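See structure below.
Quick note on labels: first sequence line is chain A, next is B, and so on, each numbered from 1. Only this structure's heavy atoms are used, side chains among them; waters, hydrogens and symmetry mates stay out. This structure is a prediction, so every number in the text was calculated from the model and none was measured.
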2 protein chains.
Amino acid sequence: MPKRVDHAERRTEIAEALVRVAGRHGLHTVGMRDVAAEAGVSLRLVQYYFETKEKLLLFGLQHLTERFGERVAARLKATGDTPGPRATIEALLMVALPTDEESRTFHSVLTSYAMLAVNDPALAAQPFIKDPDAAEDTVTALLRQAREAGLLRPGVDPRLEAAGLLAMSAGLGTGILVGQRSPESATAVLEHHLDRVFQGGEPRR
Amino acid sequence: MPKRVDHAERRTEIAEALVRVAGRHGLHTVGMRDVAAEAGVSLRLVQYYFETKEKLLLFGLQHLTERFGERVAARLKATGDTPGPRATIEALLMVALPTDEESRTFHSVLTSYAMLAVNDPALAAQPFIKDPDAAEDTVTALLRQAREAGLLRPGVDPRLEAAGLLAMSAGLGTGILVGQRSPESATAVLEHHLDRVFQGGEPRR
DNA sequence: TTTTTTACGGTACGAACGTACCACGAAAAT
DNA sequence: ATTTTCGTGGTACGTTCGTACCGTAAAAAA
């Protein structure tokens, strides 16, 4: 009974199954059969929608970065009503931290992809965050805006600071993932750093 | 002609072969046969010295973290003669950056291990840096020492700052690895951040 | 000197993997 | 009404992987 099927939708479902099993057992363990089982379809179907495993992996990465981008955007809009550049930046950095199960999956699978990409040109060609430097540009813009409002300490270079902030957040994320650090201590570190970037404010304890 | 052989030495040789092929083709691709070929021994020998792949992987991680620790220590001693806490910290953060081939391998293989450890209890039990928080402790001590010498800006918490610094360095490292950032820009970011942690000094450009 | 380890080679086995092939009912196109 | 295309299942093939088994020369122990 082949009623016409939306390929894009099916591919998305399968890609999400891929991400789920990758989050549970590690990206290196997932085979097409696992993806098929997780998606509740036959192995043949996975083959049908993605001819090869490489293509499935590639699409999975694309999908994951998109989802992540959406998550960030959503978080931004949610915090956007009560602005203040610092709060916005804080929110931006926090979504990257693996606090709940979903963000843990994001972080670990995305990082696994990154490690694959180190020796795989096809994956390396794909960006790991929607428009690679979009996040950096956003934070940079936010910092510039803050500087013009006189909220920044003198001597802070928005571009360099943005890069540092993002890198720190990523590094802290990995730390949480491997259990070296708790989410709370990670946010404390971030908070403390932001205290050193932004002018005045709270004597925080 | 079985002249008595130093097991520890052989195991080390094999482990280094493992690290080399992991660095070249990715940790996920290495099989026992690859390791054997790279080490110039037979598959049987790898089996002989490490009964199982899991044990080989485990030992490989241990060995890698040791090598990394030694590398850091060496760099520290090299910079130790011309002290100044800032120079020392800078050196410490720089060794973690994947600039040459060797450090690229360190970073990528170690990070791959970290991703494996996320869903593998046996690996998760092993630390990824010699004495997990040794680096953090060192940097913290250095910062305290700097503070007492009046070199730090006020309000800097040594412990939190150390954690942030290390996380930033790790994050920048990954950025370099995947080609999102050049080593030069990474050091620029680090430098800029240190400028904001340490008192006075250079008007830098 | 006989016996037991030690260090090592070769090879085969069972499982799992990605992929290719064959089949088939139903809808769309002709 | 016939033919083509689409969505899907099943299954088998070739490869590779980790591991286990068998054998054996030489050194150490007896």
## Note on the structure
Per nearest nucleotide of DNA chain C, the residue lying toward the 5' end, B:Leu43 or B:Val5, is B:Val5
### Query
Can a donor-acceptor pair under 3.5 Å be found between the side-chain atoms of B:Arg33 and the base atoms of D:dG18?
yes
#### Entry: Heavy-atom donor-acceptor pair, A:Arg44 side-chain to D:dG7 base, under 3.5 Å
no
Can you measure [X] atom [atom1] to [N] atom [atom2] for me and round it to whole angstrom units?
X	N	atom1	atom2	answer
B:Asp6	C:dA7	CG	C1'	13 Å
A:Ile14	D:dG7	CD1	C1'	12 Å
B:Leu45	D:dG23	CG	P	20 Å
A:His28	D:dC17	NE2	P	15 Å
A:Leu56	C:dG18	CG	P	9 Å
B:Asp34	D:dG18	CG	C1'	12 Å
B:Tyr49	D:dT19	OH	C1'	19 Å
B:Arg4	C:dC8	CZ	P	12 Å

### Message
Base, sugar-phosphate or nothing for A:Phe50? Non-hydrogen atoms, less than 4.0 Å.
### Response
nothing
### Task
Check whether any side-chain N or O of A:Ser169 sits under 3.5 Å from a backbone N or O of A:Leu93 as a donor-acceptor pair, and report yes or no.
yes
### Task
Examine distances only and state if a side-chain atom of B:Arg196 and a backbone atom of A:Gly155 form a donor-acceptor pair shorter than 3.5 Å.
yes
### Residue A:Glu70 excluded, over 12 heavy atoms near CD under 6.0 Å
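Yes, because the 6.0 Å sphere around CD of A:Glu70 holds more than 12 heavy atoms from other groups.
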Counting only side-chain heavy atoms from C-beta out, which of [options] sits nearest to [X]?
X	options	answer
B:Ser42	C:dA20, C:dG9, C:dC8	C:dG9
B:Met32	C:dA7, D:dT19, C:dT19	D:dT19
B:Arg10	C:dC8, D:dG18, D:dG9	C:dC8
B:Gln47	D:dA20, C:dA20, C:dC8	D:dA20

#### Entry: Residue from A:Leu92, A:Val72, A:Asp133 passing side-chain contact (heavy atoms from CB on, under 4.5 Å) with A:Thr138
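Testing A:Thr138 for a side-chain contact (heavy atoms from CB on, under 4.5 Å) against A:Leu92, A:Val72, A:Asp133 leaves exactly one candidate, A:Leu92.
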### Query
Regarding A:Arg71 and the six-membered ring of A:Phe106, is the cationic atom NZ or CZ under 6.0 Å from the ring centre and inside 45° of its axis?
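So A:Arg71 doesn't make the cation-pi contact.
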### Query
Looking at B:His7, does any N or O in its side chain come under 4.0 Å of the phosphate oxygens OP1/OP2 on C:dT6?
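The answer is no; no side-chain N or O of B:His7 sits under 4.0 Å from OP1 or OP2.
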### Message
Judged by each residue's nearest nucleotide on DNA chain D, which is more toward the 5′ side, A:Tyr48 or B:Glu51?
### Response
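It is A:Tyr48, whose closest nucleotide lies nearer the 5' terminus.
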